[in-house]
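These notes are about the structure you will find just below.
Values below: every heavy atom of this structure, side chains too, minus hydrogens, waters and symmetry copies.
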Amino acid sequence: MAERENRRNRRERDEAPEFADRLVAINRVSKTTKGGKNFGFAALVVVGDQKGRVGFGKGKAKEVPEAIRKATEQAKRQMIRVPLKEGRTLHHDAEGRHGAGKVIMRTAPEGTGIIAGGPMRAVFEMLGIKDVVSKSIGSQNPYNMIRATIDGLKKEASPRQVAQRRGKKVADILGAKSDAPAEAADA
């Protein structure tokens, strides 16, 4: 009995991080039958903790709230973690593709804000990015734009991850800054 309670408490603690969600698109679809038209709804939702985790999901149902609930659950299951520079922007420029959708994301200095179109803006806000410049090229379909954005964010790597992968120190990856003044003094 105590084990079951411990498992339940552990599960609740794991789900405890509060996620923000943003409804990106809602689409009414109809199916014509001999009895008339049957309407349904498709929802596209982006979910994030605004600290470097984000996910998206889509849900379909006869009622809007049910479609949104399904999309939110799917988004929470498909979350990815993205390393952020200073907790506000990307470490490096990235490009993402999905189908005919292509997006370009660039780092930005502090105070720039989020310069992005609708679906991409929702992803960046839920991710917790405060400064980014981005451009969507090609498909304006919100599903493809979000998938392309997530594809680009998956390619994002912090200097620590790159150093670990190469078996080097972070200073070697970034280029030692203390060497520059010494070389200038010798010249």
Side-chain angles (χ1 to χ4, degrees), residues 4 7-84 88-90 93-106 113-156:
R4 192 178 304 155
R7 267 189 259 141
R8 189 181 313 135
N9 290 341
R10 213 175 307 125
R11 203 175 319 129
E12 287 173 5
R13 240 183 296 124
D14 291 343
E15 294 174 9
E18 192 57 39
F19 295 115
D21 59 345
R22 175 73 45 91
L23 178 65
V24 176
I26 195 129
N27 192 18
R28 189 182 82 168
V29 294
S30 67
K31 179 182 180 183
T32 306
T33 61
K34 68 177 185 180
K37 291 183 178 178
N38 293 338
F39 292 103
F41 296 91
L44 177 62
V45 174
V46 176
V47 172
D49 65 357
Q50 298 179 334
K51 295 176 188 157
R53 286 175 50 188
V54 71
F56 80 98
K58 56 186 183 184
K60 295 191 281 188
K62 295 285 183 193
E63 301 293 328
V64 174
E66 182 67 12
I68 293 172
R69 185 190 63 75
K70 286 180 178 180
T72 305
E73 284 180 9
Q74 185 184 11
K76 286 180 182 176
R77 286 193 304 266
Q78 295 183 358
M79 292 188 90
I80 62 166
R81 181 171 295 283
V82 180
L84 299 179
R88 61 168 189 83
T89 190
L90 301 172
D93 298 355
E95 186 177 295
R97 290 183 151 275
H98 186 271
K102 178 181 170 185
V103 297
I104 297 169
M105 299 169 281
R106 307 189 71 182
I114 299 175
I115 300 175
M120 290 174 69
R121 175 178 289 274
V123 172
F124 294 140
E125 286 175 354
M126 295 301 104
L127 186 57
I129 291 180
K130 292 170 184 59
D131 302 304
V132 68
V133 176
S134 62
K135 180 71 180 161
S136 170
I137 302 166
S139 176
Q140 295 302 303
N141 178 334
Y143 289 87
N144 287 347
M145 282 176 70
I146 285 181
R147 283 192 177 109
T149 305
I150 296 288
D151 177 58
L153 291 172
K154 283 180 181 175
K155 297 174 185 173
E156 197 68 24

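Sorted by first and then second residue, the pairs that involve residues 145-156 and meet salt bridge (Lys or Arg N to Asp or Glu O under 4.0 Å), not counting sequence neighbours, are Asp151-Lys155. The list of side chain to side chain donor-acceptor pair (under 3.5 Å) pairs with a residue in residues 116-132, not counting sequence neighbours, reads Arg22-Glu125, Arg88-Asp131. The salt bridge (Lys or Arg N to Asp or Glu O under 4.0 Å) pairs that include a residue from residues 67-76 are Glu66-Arg69, Arg69-Glu73, where partners are two or more places apart or lie in different chains.
Once rounded to the nearest 0.5 Å, the distance linking CG of Leu84 with OG1 of Thr89 reads 8.0 Å. The distance from atom CG of Leu127 to atom CE of Met79, rounded to the nearest 0.5 Å, is 9.0 Å.
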Which atom pairs, donor and acceptor, lie under 3.5 Å between side-chain atoms of residues 24-47 and protein residues at least two apart or in another chain?
| from | atom 1 | to | atom 2 | distance (Å) |
| --- | --- | --- | --- | --- |
| Thr33 | OG1 | Gly35 | N | 3.4 |
| Thr33 | OG1 | Gly36 | O | 3.0 |

Check residues 137-146 and write down every donor-acceptor pair under 3.5 Å in which the side-chain atom is one partner and the other belongs to a residue at least two apart or another chain.
| from | atom 1 | to | atom 2 | distance (Å) |
| --- | --- | --- | --- | --- |
| Ser139 | OG | Asn141 | N | 3.2 |
| Gln140 | NE2 | Gly138 | O | 3.2 |
| Asn141 | OD1 | Tyr143 | N | 2.9 |
| Asn144 | OD1 | His98 | ND1 | 3.4 |

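A donor-acceptor pair under 3.5 Å links the side-chain atoms of Gln74 to the main chain of Lys58, judged by distance alone.
The nearest pair of heavy atoms linking Ala148 to Gly101 is CB-O, 3.9 Å.
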- Task: For side chain to side chain contact (heavy atoms under 4.5 Å, CB included), just list the numbers for Ile129 and Val123, CA-CA rounded to whole Å, side-chain angles, deciding distance to a tenth of an Å, and then say yes or no.
- Result: CA-CA 9 Å; Ile129 291 180; Val123 172; over 6 Å; no
- Would Gln50 and Met126 satisfy side chain to side chain contact (heavy atoms under 4.5 Å, CB included), going step by step from the backbone distance to the final call? CA-CA 5 Å; Gln50 298 179 334; Met126 295 301 104; 3.9 Å; yes
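Within the 4.5 Å cutoff, the side chain of Phe124 has heavy atoms near those of the Thr149 side chain.
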